[in-house]
Amino acid sequence: MTPALLPTPRALSRRTFLRGTGVAMALPLLDAMRPAFAADKVEPPRRMIGIETNMGILPQFFFPEKAGRDYVATPYLERLAAFRDHFTVFSGVSHPGVTGGHAAEKCFLTGTPHPERGGFRNWVSVDQLAAEHLGPKTRYPSLVLGCGNEGQTLSYTRSGAPIPIERSPRKLFEKLFVQGKPSEVAAQVEALRQGRSTLDFVGDQARRLNGSLTPADKQRLDQYFSSVRDLEQRLAASEAWEHKDKPKVSAKPPEDEKDGREFARQMQIMFDTVRLAIETDSTRLVTIFVDTTVIHNITHHGNRPEVLAELKAKEQGQFDSLAGLLKSLSGVKEQDNTLLDRTMVLYGTCMGSANSHSNNNLPVLLAGGGFKHGRHLAFDTNNNYPLTNLFVSMLQRLGMEVREFSTGKGTMRGLEMV
């Protein structure tokens, strides 16, 4: 028989379950889940994790002195030494026009200028723009998370509205993997349906106005209808997911770390749960705001050696937790790659120096995700390069046809895809 006449094996669904004696276990990605012939091979999805710590980090322990591949790792980057070839470190980058010291923390993923001004209105965050493209493909279009006892969100809608964060890894675990009772599922589905009915009603009322509106108002109404249709599609997708079983994992629900001083430990626990969310393809977009307000007083160190030593120890814990996330992602195989190969992990902070409340020369690195890494991309530390250009590169890596985002009008210079 010629290959064209051979029976085509049916590929198993990625969400295939083993069932028996009341137990269901989701299968990992197997060869049997791939299409029969290489020409039809489906690549694993691409993903993004964005992490911001809000009190800055000590720049002298982060930035290498030398640019390029042969840079000497600084104390913080030494904590990530095992993944040197899997991340790029940047210097001389910032968000154009984003000023105001601590006020800039809400703009890390939006790049919206002048958050310190009265009447400030944020723009859409890069993860939520991506969610419009990727969201319906997973149960949760995005996960908006936080570590620490306070802090705000990194994620904002197109209208600039903040999306609330989930701080509890245990609640996140339950949301991801604990199946609700049939009555609870039915109640959730009915709530979604009521939401769709409300949208239909609002749409009908708005259409009645169309005949008496000016051209400008008609354009605004068309934009409104587009947003309504988009929301309807999201609600319909949410309803469909409610009828599907959640994935089962062998991991036990984590115990929350309640002590805000242990923010590095909180990061570690949250990162472990995030890895499970990525591995089960429950979501492909995650943001994590790391609130380190508990060390605010020592970030104003005045270059006192004993305070610098205390602050350095606290900040090193963050990089140890980040190293743990990279290790866990790199330890999971997905076809010929790892989760880290397919997942962009952005880490950075809103201030180049918390001691002076400077919003220039932001410490930032990008790991994984299918870029050529292992370098220090050094830009002008006085006339900074737009960090938002990096977000354009990240959106393109997710498969979006975009040429600009926020204040970014091009891709990141020097950062190449694999």
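Every heavy atom of this structure was used, including side-chain atoms; hydrogens, water molecules and symmetry mates were not.
- Ser358 and Ser356 form no side-chain donor-acceptor contact under 3.5 Å, judged by distance and modelled atom types alone.
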Audit row: Ser330, Thr338, side-chain hydrogen bond (donor to acceptor under 3.5 Å, both in side chains) steps and yes/no: CA-CA 5 Å; Ser330 65; Thr338 67; 6.0 Å; no

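- Ser353 and Asn355 share no donor-acceptor pair across their side chains, judged by distance under 3.5 Å alone.
- Arg121 places a side-chain N or O within donor-acceptor distance of the main-chain N or O of Ser159, the cut-off being under 3.5 Å.
- Atoms CZ and CG, from Arg47 and Leu134 in turn, are 10.5 Å apart once rounded to the nearest 0.5 Å.
- In this structure, the separation between OG1 on Thr153 and CD1 on Ile163 is 6.0 Å, given to the nearest 0.5 Å.
- Other residues, nucleotides and ligands place more than 12 heavy atoms under 6.0 Å from the CD atom of Glu306.
- Taking each heavy atom of Gly352 and Pro363 in turn, the nearest pair found is CA-CD, 3.9 Å.
- Under a cutoff of 6.0 Å and an axis angle of 45°, Lys175 and Tyr140 form a cation-pi pair.
- A heavy-atom distance below 4.5 Å is not found between the side chains of Ser155 and Pro162.
- Listed here is the closest heavy atom pair of Val98 and Ala104: CG1-CB, 3.5 Å.
- With rounding to the nearest 0.5 Å, the separation of CG in Leu109 from CG in Leu154 is 5.0 Å.
- No donor-acceptor pair closer than 3.5 Å links the side chain of Arg265 to the backbone N or O of Glu262.
- Side chain of Asn359 to backbone of Gly100: a donor-acceptor contact under 3.5 angstrom is found.
- With a 4.5 Å cut-off on side-chain heavy atoms, Leu362 and Phe90 do not count as touching.
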Trace of the side-chain contact (heavy atoms from CB on, under 4.5 Å) decision for Phe289 with Gln152: CA-CA 7 Å; Phe289 183 95; Gln152 59 181 306; 4.1 Å; yes

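- How far CZ of Phe405 is from CD of Gln396: 13.0 Å, rounded to the nearest 0.5 Å.
- In this model, no donor atom of one side chain and acceptor atom of the other lie less than 3.5 Å apart for Asp127 and Ser142.
- No donor-acceptor pair closer than 3.5 Å links the side chain of Asn389 to the backbone N or O of Tyr385.
- One distance of note links CG of Leu365 with CZ of Phe83; it measures 12.5 Å at 0.5 Å rounding.
- The closest donor-acceptor contact from the side chain of His114 to the backbone of Glu116 lies at 3.5 Å or more, if one exists at all.
- Glu279 approaches Arg275 most closely through the heavy-atom pair OE1-NH1, 2.6 Å.
- Leu172 is listed as a side-chain neighbour of Leu145, based on a closest heavy-atom distance under 4.5 Å.
- Phe391 has its ring centre less than 6.0 Å from the ring centre of His95.
- Between Ile49 and Leu346 the shortest side-chain heavy-atom distance does not fall below 4.5 Å.
- Relative ring orientation between His296 and His357 is described as parallel, the plane-to-plane angle staying below 30° on a 0-90° scale split at 30° and 60°.
- Looking at Glu255 and Arg170, a side-chain N of the basic residue comes within less than 4.0 Å of a carboxylate O on the acidic one, giving a salt bridge.
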Stepwise side-chain contact (heavy atoms from CB on, under 4.5 Å) check, Phe379 with Met412: CA-CA 11 Å; Phe379 298 96; Met412 191 75 179; 3.6 Å; yes

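- Of the possible polar contacts, none joining the Gln335 side chain to the Asn337 backbone as a donor-acceptor pair under 3.5 Å is found.
- A donor-acceptor contact closer than 3.5 angstrom is absent between the side chains of Asn361 and Thr381.
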Would you mind writing out the side-chain donor-acceptor pairs for residues 62-75 within the sub-3.5 Å range, not counting sequence neighbours?
{"from": "Arg69", "atom 1": "NH1", "to": "His373", "atom 2": "O", "distance (Å)": "2.9"}
{"from": "Thr74", "atom 1": "OG1", "to": "Phe61", "atom 2": "O", "distance (Å)": "3.2"}
{"from": "Thr74", "atom 1": "OG1", "to": "Phe62", "atom 2": "O", "distance (Å)": "2.7"}

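- Between the side chain of Asp256 and the backbone N or O of Lys258, no donor-acceptor pair lies under 3.5 Å.
- Here the closest heavy-atom approach between residue Thr343 and residue Met48 is recorded as CG2-N, 4.4 Å.
- Residues Met400 and Leu129 form a side-chain contact, since some pair of their non-hydrogen atoms from C-beta on lies under 4.5 Å apart.
- Here the closest heavy-atom approach between residue Ala277 and residue Phe177 is recorded as N-CZ, 4.1 Å.
- If you take OG1 on Thr157 and CH2 on Trp123, they are separated by 14.5 Å, rounding to the nearest 0.5 Å.
- Side chains of Thr292 and Asn54: a donor-acceptor N/O pair is present below 3.5 angstrom, by distance only.
- Proximity of a side-chain donor or acceptor of Ser406 to a complementary backbone N or O of Gly408 within less than 3.5 Å is not detected.
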Check against side-chain contact (heavy atoms from CB on, under 4.5 Å), Phe371 and Glu416: CA-CA 6 Å; Phe371 291 97; Glu416 300 177 1; over 6 Å; no

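- Scanning both residues, Glu315 and Ile57, for their nearest heavy atoms gives OE2-CA, 3.2 Å.
- Remark: the Ser91 side chain and the His376 side chain contain an N/O donor-acceptor pair separated by less than 3.5 Å.
- Asp341 places no side-chain N or O within donor-acceptor distance of the main-chain N or O of Gly369, the cut-off being under 3.5 Å.
- Looking at Gln316 and Tyr76, their side chains never bring a donor and an acceptor atom within 3.5 Å of each other.
- In summary, the side chains of Glu52 and Tyr347 do not present any donor paired with an acceptor at a separation below 3.5 Å, with no hydrogens or angles considered.
- Within the 4.5 Å cutoff, side-chain heavy atoms of Val286 are placed close to those of Ile278.
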Pair Asn122-Thr112, side-chain hydrogen bond (donor to acceptor under 3.5 Å, both in side chains): steps then yes or no: CA-CA 6 Å; Asn122 220 337; Thr112 314; 2.7 Å; yes

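- Residues Thr110 and Ser125 have side chains that never bring a donor and an acceptor to within less than 3.5 angstrom of each other.
- Side chain of Gln268 to backbone of Gly324: no donor-acceptor contact under 3.5 angstrom is found.
- A salt bridge (charged side-chain N to carboxylate O under 4.0 Å, His left out) with Asp320 is found for one member of Arg79, Lys314, Lys327 and no other, namely Arg79.
- For the pair Glu257/Phe263, no side-chain contact is recorded, criterion being any heavy-atom separation below 4.5 Å from C-beta on.
- Counting heavy atoms from C-beta on, the side chains of Leu326 and Val345 come closer than 4.5 Å.
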Verdict with supporting geometry, Met394 and Leu390, side-chain contact (heavy atoms from CB on, under 4.5 Å): CA-CA 6 Å; Met394 294 171 68; Leu390 175 60; 3.9 Å; yes

